[in-house]
Amino acid sequence: MSVSSTFRTPLRRALFSASTRRVGAQVRASSYRGFSTEAPPPPKQNFGLYAGLGAVAFGGVAYYLLNSSFDFSKSPAAKSTPTQATQFVPTKADYSKVYKRISEVIDEAGSYDDGSFAPVLLRLAWHSSGTYDKQSNAGGSNYATMRFEPEALHDANAGLNVARNLMEKLKKEFEWISYGDLWTLAGVCAVQEMGGPKIPWRPGRVDGFAKDATPDGRLPDASQGSSHLRDIFYRMGFNDQEIVALSGAHAVGRCHPDRSGFEGPWTFSPVTFSNEYFKLLFNETWVWKKWNGPKQLEDKKTRTLMMLPTDYVLTQDKSFKKWAKAYADDEELWFKDFSAAFSKMLELGVPPNQFQSSEPWIMGDA
């Protein structure tokens, strides 16, 4: 049914009623108008003729509008009138469709790294959330400010253009999702699709502007020690146990000389989420790598694996070591603690009243 036919009947009634009232009002005014003195003789004019002609012309315009193919919605008057847009409110089912597409993109890596985009997507979610500062309540995943320079060019974010470009394609498919929700959901999908634990997640992040970008230096410097790790993670609101649990994500992925300067994978299965990282820390002998790059360690046996100074410190610091050893002995314990800490990280900087759900969802469970 066309727009014109939809309101033809009520508009016809309105036009007819308005025309009748107008003519009636004019007739009543001329009939009852009084004067304090005797009224002068009226000029010779044919009022009835003019009124009749006006009514015919008005009725003709109304008939044309109502019975022709005229589309009112395309008229200048319609375009100048604000309309009430229907706001799309996505459901969990809609976000599940996004999750499914992310999982498909992960497997399209081909020869990239170890045949999976999952580790780099996990890193994107991590680095976009790990800029939070609890004192100023700034940073975190809420504004997805890594889209802007100079944050996109920070040394710690080198190579993440790969992940952002992958997600940009999905943003065009699902225009309604915010970048913050898309990037963090990608991190959830990455962990789970690599065999890791379920990560509670919920939507509600909004996109910010370049003015909201965070300063450099808020992400960990892998060449540092335990005090640096505590400075970085305490600033976000994490404790020692959570620092160690989150560090276990180095079970996947690898370093690239053209990005971080470091080189190599942490484990023999860099696209499988497991507690192998912690086991290798304690079961292998680690020596300093002799090369022209930054200081890093390599396993003495095969010389194919690496550990960063911030990894090795987990075996040296008393508080960190306690948790690292516990996770090496119990993968289920680490999965539980990592899930809680990573879910917490993904919500840093997001006001609670923005979240679409009061409780996080488990995605990819259908």
Side-chain angles (χ1 to χ4, degrees), residues 88 90-130 141 144 146-147 159-205 207 246 248-254 265-267 269-277 331-332 334-336 338-347 355-357 359-366:
F88 172 64
T91 64
K92 183 181 179 182
D94 294 307
Y95 288 103
S96 293
K97 293 176 183 177
V98 181
Y99 180 100
K100 184 175 184 298
R101 282 292 292 121
I102 296 171
S103 68
E104 293 170 351
V105 169
I106 284 175
D107 292 332
E108 296 171 359
S111 60
Y112 176 81
D113 272 4
D114 299 284
S116 174
F117 285 127
V120 74
L121 290 177
L122 170 56
R123 183 168 166 246
L124 174 65
W126 182 299
H127 285 215
S128 65
S129 305
S141 65
M146 202 194 300
R147 292 173 292 140
L160 285 178
N161 59 300
V162 173
R164 294 195 303 271
N165 291 340
L166 287 172
M167 292 301 95
E168 190 64 34
K169 296 177 182 178
L170 295 192
K171 186 67 168 68
K172 292 177 181 178
E173 290 184 38
F174 305 95
E175 295 182 349
W176 48 266
I177 193 171
S178 70
Y179 281 98
D181 282 345
L182 179 60
W183 290 358
T184 53
L185 182 57
V188 170
C189 183
V191 171
Q192 296 181 176
E193 295 301 309
M194 288 188 289
K198 297 292 185 181
I199 308 295
W201 176 90
R202 53 183 170 171
R205 297 155 192 81
D207 294 329
L246 290 169
H250 280 172
V252 298
R254 63 172 58 238
W266 288 267
T267 69
S269 303
V271 294
T272 300
F273 212 83
S274 72
N275 69 336
E276 193 68 16
Y277 165 83
E331 183 176 78
E332 185 176 346
W334 174 58
F335 271 25
K336 178 180 70 70
F338 178 84
S339 175
F342 192 50
S343 180
K344 174 182 173 178
M345 172 177 271
L346 297 181
E347 294 194 354
F355 287 117
Q356 185 175 329
S357 171
E359 295 295 329
W361 300 334
I362 297 299
M363 305 300 295
D365 57 349

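Small disclaimer: the values here were computed from a predicted structure and weren't measured.
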Examine distances only and state if a side-chain atom of [X] and a backbone atom of [Y] form a donor-acceptor pair shorter than 3.5 Å.
X: Ser128; Y: Ser141; answer: no
X: Ser343; Y: Ala340; answer: no
X: Asp181; Y: Gly204; answer: yes
X: Ser129; Y: Trp126; answer: no
X: Asn165; Y: Val162; answer: no
X: Lys92; Y: Met363; answer: no

Can you tell me how far [atom2] of [Y] sits from [atom1] of [X], rounded to the nearest 0.5 angstrom?
X: Lys344; Y: Ser339; atom1: NZ; atom2: OG; answer: 13.5 Å
X: Ser116; Y: Met194; atom1: OG; atom2: CE; answer: 6.5 Å
X: Ile102; Y: Asp107; atom1: CD1; atom2: CG; answer: 12.5 Å
X: Leu170; Y: Trp183; atom1: CG; atom2: CH2; answer: 13.0 Å
X: Cys189; Y: Leu121; atom1: SG; atom2: CG; answer: 8.0 Å
X: Phe174; Y: Leu185; atom1: CZ; atom2: CG; answer: 10.0 Å

Side chains of [X] and [Y] in contact at under 4.5 Å (non-hydrogen atoms):
X: Glu193; Y: Tyr99; answer: yes
X: Glu331; Y: Glu276; answer: no
X: Lys198; Y: Gln192; answer: yes
X: Leu122; Y: Phe342; answer: yes
X: Thr184; Y: Val188; answer: no
X: Ile362; Y: Pro200; answer: yes

> Are Glu104 and Lys100 close enough for a salt bridge, meaning some N to O gap below 4.0 Å?
Replying inline: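 Salt bridge present between Glu104 and Lys100.
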> Under the side chain to side chain contact (heavy atoms under 4.5 Å, CB included) criterion, do Met146 and Arg164 qualify, and how do the steps go?
Replying inline: CA-CA 9 Å; Met146 202 194 300; Arg164 294 195 303 271; 3.2 Å; yes
Atom of [X], atom of [Y] and distance for their closest heavy-atom approach:
X: Trp361; Y: Ser357; value: NE1-OG, 3.3 Å
X: Ser274; Y: Trp334; value: O-CZ3, 3.2 Å
X: Val271; Y: Pro119; value: CG1-CG, 4.3 Å

> Can you check side chain to side chain contact (heavy atoms under 4.5 Å, CB included) on Val252 and Tyr277, steps first, answer last?
Replying inline: CA-CA 8 Å; Val252 298; Tyr277 165 83; over 6 Å; no
> Do Glu347 and Arg205 pass the salt bridge (Lys or Arg N to Asp or Glu O under 4.0 Å) test, and can you show the C-alpha distance, the side-chain angles, and the key distance before you say yes or no?
Replying inline: CA-CA 9 Å; Glu347 294 194 354; Arg205 297 155 192 81; 5.0 Å; no
> Does NZ or CZ of Lys171 lie under 6.0 Å from the centre of the six-membered ring of Tyr179, at an angle within 45° of the ring axis?
Replying inline: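 Yes, a cation-pi geometry holds between Lys171 and Tyr179.
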> Would you call the rings of Phe335 and Phe273 parallel, tilted or perpendicular if under 30° counts as parallel and over 60° as perpendicular?
Replying inline: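 It falls in the tilted class, 30° to 60°.
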> With ring centroids as reference points, do Trp176 and Tyr95 lie under 6.0 angstrom apart?
Replying inline: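 Yes, they do, as the ring centres are separated by less than 6.0 Å.
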> Listed by chain and number, what are the side chain to side chain donor-acceptor pair (under 3.5 Å) partners of Glu173, not counting sequence neighbours?
Replying inline: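 Testing Glu173 for side chain to side chain donor-acceptor pair (under 3.5 Å), a comparison that skips the adjacent residues, returns Arg101.
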